[in-house]
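Below, chain A is the first sequence line, B the second, and so on; all start at residue 1.
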Amino acid sequence: MARVPKKLGPYRDKRAPGITNEPFGDEAPAIDARASSKPGQTESGAFVVHLHDATKRHYDVRLEIGGVLLSFAVPHGPSLDPAKKVLAVKTEDHPIEYLDFEDVIPDGQYGAGSMIVWDRGSVTYVEGPAETELAKGKLHVELRGMKLRGRWAFVKLAKGETGNEWLLFKKQDGESDPVRAIAITEDLPRSVLSGLTVDELAGRDEIERSHLERAKKLGAKKDASLVGTLLERERSPLATPSVHEGAAAKGARVYDAQLEGVRVLAVRDGDVVALRVWTGRTPERIEAFYPDVVRALRALPMTRAAFDGELVAFDATGHPNLPRLAQRVARIAKGEAHRAVTTTPVVLVVNDVLALGDLDTRPLKLEARRALVSGLLPPLGFLRAATPLEGDEARVLATCASLGIANVIAKGKGSAYTEGQGRWSLLSTGLPPRSRSVVDHKAGEHQTTLRHVVVSNREKVFWPADPSANLRARTENYTKGDLVDYYASIADVLGPYLKDRPVILVRYPDGIDGKSFFQWNVPVGMPPWIRTLTLAHDLDEGALASTGATSPTPSRVSSPPPSQKAPKRVFLVEDRSTLVYIANLGCIPLHVLASRAPDLARADFFTIDFDVKQSELRHAVTLARTLRGLLDAIGLVGYPKTSGQTGLHVLVPLGPNQSFDTARALADLLGRLLVERHPDIATMDRIVSRRGDRVYVDTGQTGTSRAIVAPYSVRAVPGATVSTPLAWEEVTADLDPRAFTITTVPRRIAERGDLFAGLLAAQPDIPTAVAKLAVLVERSR
DNA sequence: GCTATGA
DNA sequence: TCATAGCAACGCTGT
DNA sequence: ACAGCG
Ligand SMILES: [Mn+2]
Ligand SMILES: [Mn+2]
């Protein structure tokens, strides 16, 4: 049995286990709950203030000390006026689990009546360890709660009747309010958990019905399966803002500050609470990192609901701060949940509502949905309604800029909630380089690490609009942000493809018209979680390794002999964070080797590249289809993709254990057969001037150090095209590679899936293919 | 885009 | 402190 | 030996 603090004796004596709904204090507290300070030397902890409607209504202030909650009953409640000292009667210690207790204690039980969590936060004992001070009849604390903040003091009355009488008062500081402009207990009466007043708690079912009634009156239609659907479905139901300024209807607009946090769909279905994110193409659930938000959603007087919101942590000045949130996630991952959650609370700022009860609220007008949200959520709590801005757009942007907010989302008044891109506009306040960050809540197999990537210069134009482009072509700019978003959104499709495969970055830090360079080696200064591969001497050998971001090998004292090549350390791009990171470096195309660690001497596919250049795409199409026939005849399968420029690539999987010599030989022989069959439109001549207007059949991209542009890679050409996997049925004369761009390809993947699936799993019979190809070649001469 | 360098 | 250079590869061809 | 090519 768990070790129960002796201090809880009086608490347990007053209560009947199994009958009261209060925690009984016999469960082992969170592992780190008692470890936050040395035994008997508590320096900090959590606090809760309950509002308890017992025989006599009172507040209960409970401070974590030595693994239990030191408790005071405060009849008048705290005051921000330092001159107003209120009576605080020390009561029995409560178990640590009581921090989260909010319920109606049944009649007949000790303390029967409603009890809400009026405030919650962290406490620091500012004048030495709590136990030491307590022994002297004093306790000076710094509270960081949602309502109570700053310095407070408890002082024991020397001549109390029972010895339990103390005084509680505010110390003078920036948070004190001597003129009592704020009557904190009256102005902020609601639970920070459920948003209910203590009077409402017992009637929460009634409250829930009235919220639903209101939604129905506003026009919400019944869809009993919606919440369940939102809990499960793959595709994101969230609306995403478009960088297209005109996406939101001009005219009447409402503005939401874009907070630096984690965008989630929050769903509650009874006891089930999910926080779902679609940072990539497949959803993840991250509620394990947000027990405070989960508790609040469970406490809400709405048993089934779905919200669109932002998880936000705040810094000391009250500004949203993503690195702090990141740090908290990391600490929770390390098993320090209690401390991390206590010191860094996270709030769900709710921007919108998709479903309430059995009602679909998405078709409602924006203002109606807002009204429902702000009616349901308290102004101060773990769940909060976002406060939209209205008025002149320039003024709104200026206001936000002055608050340090870089981006604002404009939404058309009266608009319904529509999933996907298109109805909201992302506006820049013109603040310094606008940045956005991405938080991964899981990385690697079991280890949960936080990866926090700050994306700089999202508005930087990487693909300038082409004013001379024909009408059907996009005339807008594409930005660096568009690039990052594209790679982030397709990371899951790209992932298996890039696994264990060296990637060469082709970087355009200033966009497609700026300078560019290839980058094989991982430069210094990369974050430690970027995986790399060290290539031993030649590409014949290589070992899997992870960088420490630290010492760039000071081991090699003497420089290597000039003849010998320095060992290379290349990128392995195996996850979304890395993809976002390298996109932020200005990497537009990704090139990959046709081999994977640890067997870099083996080719797992070869490529036949149809370079159109002076020729025409329809000829490349003819050649690719002929190639398909040849491959079929020798028992191989080709996977076609656009190059992203003007030509086509056909990738032919080889399965395991094939040498680059074999791969290259197959490619060359197939190329020769193609040229023989179509001498008028194909050539393998390396001299450009002799090619004329024929397609160059390039088989030279197969070799240990030869790279090809990866499938789904973006190209640094006008139009922000993507090297796009195709179905053979699409390889026709009317194929238009310009249609595949960083905006269209994610949609295409969502609709058609990964057309290259199967390439990696192929196990073709290569010896037979080689033999059959030899026969074909023999026959043709 | 970022670091190491040489002036 | 500031401006700038470097950031890949390799075999083959033709001159 | 060196530049051009993909
Ligand atoms: Mn009480
Ligand atoms: Mn080529």
Atom pairs and distances, donor-acceptor, side-chain atoms in residues 670-680 of chain A, under 3.5 Å, two or more places apart:
unit_1: A:Glu676; atom_1: OE1; unit_2: A:Ser780; atom_2: OG; d: 2.8
unit_1: A:His678; atom_1: NE2; unit_2: A:Thr626; atom_2: OG1; d: 2.8

Can you figure out which of C:dA8, B:dG1, D:dG4 approaches the side chain of A:Phe462 most closely? B:dG1
Determine the contact category for A:Lys515: base if any of its heavy atoms lies under 4.0 Å from a base atom, sugar-phosphate if only primed atoms, P, OP1 or OP2 are that close, otherwise nothing. base
Between A:Asn457 and B:dG1, is there a contact of a side-chain N or O with OP1 or OP2 at under 4.0 Å? yes
With a non-hydrogen cut-off below 4.0 angstrom, is A:Arg664 in contact with a base, only sugar-phosphate, or nothing? nothing
Can you tell which of D:dG4, C:dA8, C:dC10 lies closest to the side chain of A:Ser705? C:dC10
Base of C:dC10 paired with side chain of A:Arg706 (donor-acceptor, under 3.5 Å): yes
Is A:Arg691 close enough to D:dG6 that one of its side-chain N or O atoms is under 4.0 Å from OP1 or OP2 there? yes
Any side-chain to backbone donor/acceptor pair from A:Thr683 onto A:Arg691? Under 3.5 Å, distance only. no
Could you go through A:Asp685 and A:Arg694, starting from their C-alpha distance and side-chain angles, then the distance that decides it, and tell me whether this counts as salt bridge (Lys or Arg N to Asp or Glu O under 4.0 Å)? CA-CA 10 Å; A:Asp685 197 327; A:Arg694 289 174 294 182; 5.6 Å; no
Just wondering, do A:Trp520 and C:dA8 stack (centres under 5.5 Å, planes under 30°)? no
Exercise answer: donor-acceptor pairs, residues 610-620 of chain A side-chain atoms, under 3.5 Å, sequence neighbours excluded:
unit_1: A:Ser615; atom_1: OG; unit_2: A:Asp693; atom_2: O; d: 2.8
unit_1: A:Glu616; atom_1: OE1; unit_2: A:Arg618; atom_2: NE; d: 2.6
unit_1: A:Glu616; atom_1: OE1; unit_2: A:Arg618; atom_2: NH2; d: 3.4

With respect to the phosphate group of C:dG14, does any side-chain polar atom (N or O) of A:Arg690 fall under 4.0 Å of OP1 or OP2? yes
